[in-house]
2 protein chains.
Amino acid sequence: MADIFFDVKKHSDHQKFLKGMELLYFAYRDFISWPDDVLHTLGFGRAHHRVLHFVGRNPGLKVAELLKLLNITKQSLSRVLGTLVEKGHIRQDIGDQDRRQRLLHLTKQGEFLLNKIAEHQKEHMLKAFKNAGNHSVEGFWKVLSALIADENRVEILSQVSRDMGK
Amino acid sequence: MADIFFDVKKHSDHQKFLKGMELLYFAYRDFISWPDDVLHTLGFGRAHHRVLHFVGRNPGLKVAELLKLLNITKQSLSRVLGTLVEKGHIRQDIGDQDRRQRLLHLTKQGEFLLNKIAEHQKEHMLKAFKNAGNHSVEGFWKVLSALIADENRVEILSQVSRDMGK
DNA sequence: TTAAATATGTCAACATGGCTGACATATTTT
DNA sequence: AAAATATGTCAGCCATGTTGACATATTTAA
């Protein structure tokens, strides 16, 4: 097939760059801007979603670790985390070895909310994977991994691998 | 090779979703957060960069078209576009068929600035492409294209294809 | 056992870049 | 002449980031 659009070799370096950049921009934009009625009617935004996601993926996560994953300051986090705790979506357990730590967990309510939110995105992404084919998905993952900053890669890939060890 | 990390078939649907989502999040984050000293010392932010980029890619772009590409309101755009025009990076020509339109162009100065900014990102992306391999890049593009919202795909892919017709 | 380091939280002020609503102007279409 | 269109502008609000300065509890080190 003569699909020149996806034929990498038919592109100059500059064209590859432009295509990668723009596709990444538009795809990311459309992926994260799913109909977020669920969040919004509860007074939550994307920042809350990110916290719910990472806490859900890493039960018992320490605050410092969450900050590192989100790459924001504790002052930024506090607003968001505060309301999630207030409204009963996240529970903060005191660390057992170190009582200064707050270990974060989703409550049942938090799990329910996260699932509700994730539904649309999951559908969206799996549909895209299906349309593009398994082979393309592998390339997708490889390029994304390569795009992660060198200083972060090891740590992030270990986060991404969490619970994938089947 | 036994690289289970990239072996799509060894993943459940939920695992594929999580991996895609998190890799996309981290890669996008690291890609757009390059050292933006250039912009910042000039008092510009990412919003300004996006405008410079799209005007650079589409000389003579109408304001309404730019708004569509950016997916923001004209009030949001005006702040950003205003300063870029003020400081001599963008020129607004009056439309020749329709004198209500403002056709946007980069000035020499604007071109220079855009190139300066793009340098780092171009390096970053081409390095990732090289590390992942041409084959992966094709998959990357295919998945990203599939991730674009159905309503937008045709139009966006035509934007992305602009000047790729070699 | 006291002093220092660490994990977390909080107050206050500020920046960026979105949003809505209400109008204003110039130009083109009907 | 009236309506529609392309653009601009004023004003205020919101979400989410930032710094800087402290406060508290707890653990570790001297």
Side-chain angles (χ1 to χ4, degrees), chain A residues 25 28-30 32-33 35-55 60-87 90-105, chain B residues 25 28-30 32-33 35-37 39-55 60-86 90-105:
Chain A
Y25 168 72
Y28 186 81
R29 188 192 74 177
D30 283 2
I32 58 161
S33 73
D36 46 348
D37 304 338
V38 193
L39 278 169
H40 208 258
T41 57
L42 287 169
F44 294 145
R46 288 190 221 305
H48 301 85
H49 180 200
R50 282 197 288 270
V51 171
L52 285 173
H53 170 83
F54 284 118
V55 172
L61 193 67
K62 291 171 217 148
V63 172
E65 291 169 337
L66 178 54
L67 287 175
K68 213 166 184 182
L69 285 171
L70 294 171
N71 234 7
I72 61 175
T73 60
K74 63 179 174 176
Q75 295 95 323
S76 282
L77 176 61
S78 90
R79 264 187 308 226
V80 171
L81 183 56
T83 65
L84 286 170
V85 170
E86 248 179 53
K87 301 204 185 165
I90 287 186
R91 175 166 43 89
Q92 298 173 293
D93 295 352
I94 290 183
D96 38 346
Q97 333 101 312
D98 186 335
R99 295 172 42 77
R100 289 170 304 180
Q101 298 171 346
R102 297 296 119 95
L103 309 183
L104 306 174
H105 295 268
Chain B
Y25 168 72
Y28 186 81
R29 188 193 73 177
D30 284 1
I32 59 161
S33 73
D36 46 349
D37 304 336
L39 278 170
H40 208 259
T41 57
L42 287 169
F44 295 145
R46 288 190 220 305
H48 301 85
H49 180 199
R50 281 198 287 273
V51 171
L52 285 173
H53 170 83
F54 284 118
V55 172
L61 193 67
K62 293 171 216 146
V63 172
E65 292 169 337
L66 179 55
L67 288 175
K68 213 167 183 181
L69 284 172
L70 295 171
N71 235 7
I72 61 176
T73 60
K74 63 177 173 175
Q75 295 95 324
S76 285
L77 175 61
S78 90
R79 265 187 305 224
V80 170
L81 183 55
T83 65
L84 285 170
V85 170
E86 248 179 53
I90 288 185
R91 175 167 44 88
Q92 298 173 294
D93 294 352
I94 290 183
D96 40 343
Q97 332 102 314
D98 185 336
R99 295 172 43 77
R100 289 171 303 181
Q101 298 171 346
R102 298 297 119 96
L103 309 183
L104 307 174
H105 295 268

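Reminder, nothing fancy here: chain letters follow the sequence lines and each chain counts from 1.
- In the set C/dC19, D/dT16, D/dT7, the nucleotide with an atom closest to the side chain of A/R79 is D/dT16.
- Rounded to 10 degrees, the angle separating the terminal helix axes of the helix from C/dT1-D/dA30 to C/dT30-D/dA1, each built from five base pairs, is 20°.
- Separating the CG atom of A/L81 from the P atom of D/dG17 is a distance of 13 Å, rounded to the nearest angstrom.
- Between the C1' atom of D/dA15 and the CD1 atom of B/I72 lies a distance of 16 Å, rounded to the nearest Å.
- In this structure, A/H48 reaches the sugar-phosphate backbone alone: every heavy-atom distance under 4.0 Å involves primed, P, OP1 or OP2 atoms, never a base.
- At least one donor-acceptor pair closer than 3.5 Å links the side chain of B/S33 to the backbone N or O of B/R29.
- Whole-Å rounding puts the A/L67 CG to C/dT10 P distance at 13 Å.
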When the side chains of residues 42-49 of chain B are checked against the rest of the protein, which donor-acceptor pairs come out under 3.5 Å, sequence neighbours left out?
unit_1, atom_1, unit_2, atom_2, d
B/R46, NH1, B/I32, O, 3.1
B/H48, ND1, B/G45, N, 2.8
B/H48, NE2, B/T83, OG1, 3.3

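- Taking only side-chain nitrogens and oxygens, A/R50 comes nearer than 4.0 Å to OP1 or OP2 of D/dG17.
- A salt bridge links B/E65 with B/K62: the closest approach of a Lys/Arg side-chain nitrogen to an acidic carboxylate oxygen falls below 4.0 angstrom.
- Protein atom CZ of B/F44 is 11 Å distant from nucleotide atom P of C/dG17, rounded to whole Å.
- Residue B/S78 is the one, among A/H40 and B/S78, whose nearest nucleotide of DNA chain D lies closer to the 5' end (criterion: closest heavy atom).
- With contacts defined as side-chain heavy-atom distances shorter than 4.5 Å, the pair A/R91/A/L104 does not qualify.
- Contact between A/L81 and A/I90 at its shortest, heavy atoms only, is CD1-CD1, 4.0 Å.
- In this structure the side chain of A/H105 reaches within 4.5 angstrom of the side chain of A/D93, judged on heavy atoms.
- Counting to the nearest Å, the P atom of C/dA15 and the CG atom of B/L42 are 18 Å from each other.
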One character per nucleotide, please: for nucleotides 20-30 of chain C, 5' to 3', B when the base has a protein heavy atom closer than 4.0 Å, S when only the sugar-phosphate does, - otherwise. BBB---BBS--
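- Residue contacts for A/E65: at a heavy-atom cut-off of 4.0 Å it reaches no nucleic acid atom on any strand shown.
- With contacts defined as side-chain heavy-atom distances shorter than 4.5 Å, the pair A/L70/A/R50 qualifies.
- Within 4.0 Å of B/R46, counting heavy atoms only, lie sugar-phosphate atoms of the nucleic acid but no base atom.
- Rounded to an integer number of Å, the gap from A/L103 CG to C/dG9 C1' is 16 Å.
- Atom CG of residue A/N71 and atom CG of residue A/L66 lie 11.0 Å apart, to the nearest 0.5 angstrom.
- Between B/L52 atom CG and C/dG17 atom P there is a gap of 12 Å when expressed in whole angstrom units.
- When rounded to the nearest whole Å, the span between CG of B/L77 and P of C/dC19 equals 10 Å.
- Annotation for A/L69 and A/F54: closest pair CD1-CD2, 3.9 Å, computed over non-hydrogen atoms.
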